[in-house]
Protein chains: 2
Amino acid sequence: MRRVVQQRLLEIAIREFGVKGLEGASTRSIAAAADTAMSSITYHYGGKEGLYLAAADYIARQMGDHLAPALARGEVFDVTSPEGARATIKAALSSLTDKMISDESATWALFIVREQMRPTEAFERIYGGMMGRMLEKLTDLVCVATGSRDSCTIRIVTITLIGQVIALRASRASMLKLLERESIDAEAADLLKARIVANIDAILDRVISERQDLP
Amino acid sequence: MRRVVQQRLLEIAIREFGVKGLEGASTRSIAAAADTAMSSITYHYGGKEGLYLAAADYIARQMGDHLAPALARGEVFDVTSPEGARATIKAALSSLTDKMISDESATWALFIVREQMRPTEAFERIYGGMMGRMLEKLTDLVCVATGSRDSCTIRIVTITLIGQVIALRASRASMLKLLERESIDAEAADLLKARIVANIDAILDRVISERQDLP
DNA sequence: GTCTATACTACGATAGAC
DNA sequence: GTCTATCGTAGTATAGAC
């Protein structure tokens, strides 16, 4: 049962570093919450900073594991056709919406958002893992779905598409206030996903019509 | 020059609390960065927690000051007509986009996002100020622009509209990576705002057409 | 590999000088 | 109103027992 201690350590570290950042979090409380001695952090990760980077790597790995089925589900469709690409985008963002609504995501989401807003070396590890590949993949899909070539405009479209989903987590409390709810139940989740899918159609259709107007 | 010290204290507190959270930040370093003694925090705010809440109030006040011109600009239009309401939504979200892209917003944005994801009493103060009123106002505008009555669906539309803008800050590093830039220059900012305005049209038009299909 | 013990620094709160 | 001084606690790192 070697790795159990390290896994507990990493999961608690993600929560603690997420809330308090690298400097703010304490190895003492992380170790205590993981039911181990503080010096085991030194042993396994060389110190606080090593634990922080290990936590980032753990997030990158977990994201890969969680997102793989979402993208695999997309591969049911023919991603070389506009319709298939669009269906894949919808499936991927619906799946991501489920993740963003779920309580589990609260743990690592703060870690990632902090790195998004104040990037350190840890962000390179997270982005260099699954996240970067997923964004590039999504950009490709937007190209196919709209019949466009890769461009700054297309990438901005990609950003606004995924932005709707990210904001569900990044402005969660405001969203709950506006919806006058304590949490997102299954019914509200379905409404959210339906709206995001409808918005994807609306935005992609507009990009296509812009494309046909100009040249 | 009484208030200068307190203002410096608050602005530095927002930055420090934003990065490290209530527990993680240290009153010592906040006071040092503000060039004053730590005990002045005790004197003015009663302690660390008081400073945290004062920082939240300061953010709420600043948001009001910054957003007032944006909403006032909207009042050029007739907000009782669908066209005027739509134009106001576009103006407000364009202005908000400028804020989210600007470097100043990096300071208080992390404070707010942390409260969004792990709300404390401070969130009530921020939401109870300008933020809540602005979201309700935006919801009203979406109702007028689409000819709908207030509903869960309309509020979800509002969330996705503003979500695009919020994500610019909440996933900033990823966005910069995807755009292959170090920062957002004026040209990219214009492209972003144009896309967001186009998306607003696309989404609102779709809501209107959905409305006409059903009943 | 995991623990205890320890050295040293930094923390928040408070009392009291000015 | 702002400062210094000080107290008790909690922080990281490290050495060494098992």
Between [atom2] of [N] and [atom1] of [X], the distance in whole Å:
| X | N | atom1 | atom2 | value |
| --- | --- | --- | --- | --- |
| A:Phe17 | D:dG11 | CZ | C1' | 13 Å |
| B:Leu9 | C:dG12 | CG | P | 13 Å |
| B:Lys20 | D:dG11 | NZ | P | 15 Å |
| B:Glu23 | C:dA13 | CD | P | 12 Å |
| B:Asp35 | D:dC3 | CG | P | 9 Å |
| B:Ile41 | C:dA13 | CD1 | P | 9 Å |

Which part of the nucleic acid does B:Thr36 contact within heavy-atom distance under 4.0 Å: base, sugar-phosphate only, or nothing? sugar-phosphate
Contact class for A:Ala31 vs. all strands (heavy atom < 4.0 Å): base, sugar-phosphate, or nothing? nothing
Going 5' to 3' through nucleotides 13-18 of chain D, assign each nucleotide B (protein heavy atom under 4.0 Å from a base atom), S (under 4.0 Å only from sugar-phosphate atoms) or - (no protein heavy atom that close). BBB---
Grab the two heavy atoms, one from [X] and one from [Y], that are nearest each other, plus how far apart they are.
| X | Y | result |
| --- | --- | --- |
| B:Arg172 | B:Ile184 | NH2-CG1, 4.3 Å |
| A:Ala145 | A:Leu204 | CB-CD1, 4.1 Å |
| B:Ile162 | B:Leu93 | CG1-CD2, 4.0 Å |
| B:Ala31 | B:Met38 | CB-CA, 3.5 Å |
| B:Phe77 | B:Gly84 | CB-O, 3.7 Å |

Donor-acceptor pairs are to be reported for all side-chain atoms of residues 129-139 of chain B against protein atoms at under 3.5 Å, with residues two or more places apart or in another chain.
residue	atom	partner	partner atom	Å
B:Glu136	OE1	B:Arg155	NH2	3.2
B:Thr139	OG1	B:Leu135	O	2.8

As an exercise, state the distance from CD1 of A:Ile200 to CZ of A:Arg86, rounded to the nearest 0.5 Å. 9.0 Å
Before we go on, tell me: are the rings of B:Phe111 and B:Tyr52 under 6.0 Å apart, centre to centre? yes
Which of residues 50-58 of chain B have a heavy atom under 4.0 Å from DNA chain C? none
Under 3.5 Å, is there a donor-acceptor pair linking the side chains of A:Ser171 and A:Ser174? no
Counting just side-chain N and O atoms, does A:Tyr43 come under 4.0 Å of either OP1 or OP2 of C:dG1? yes
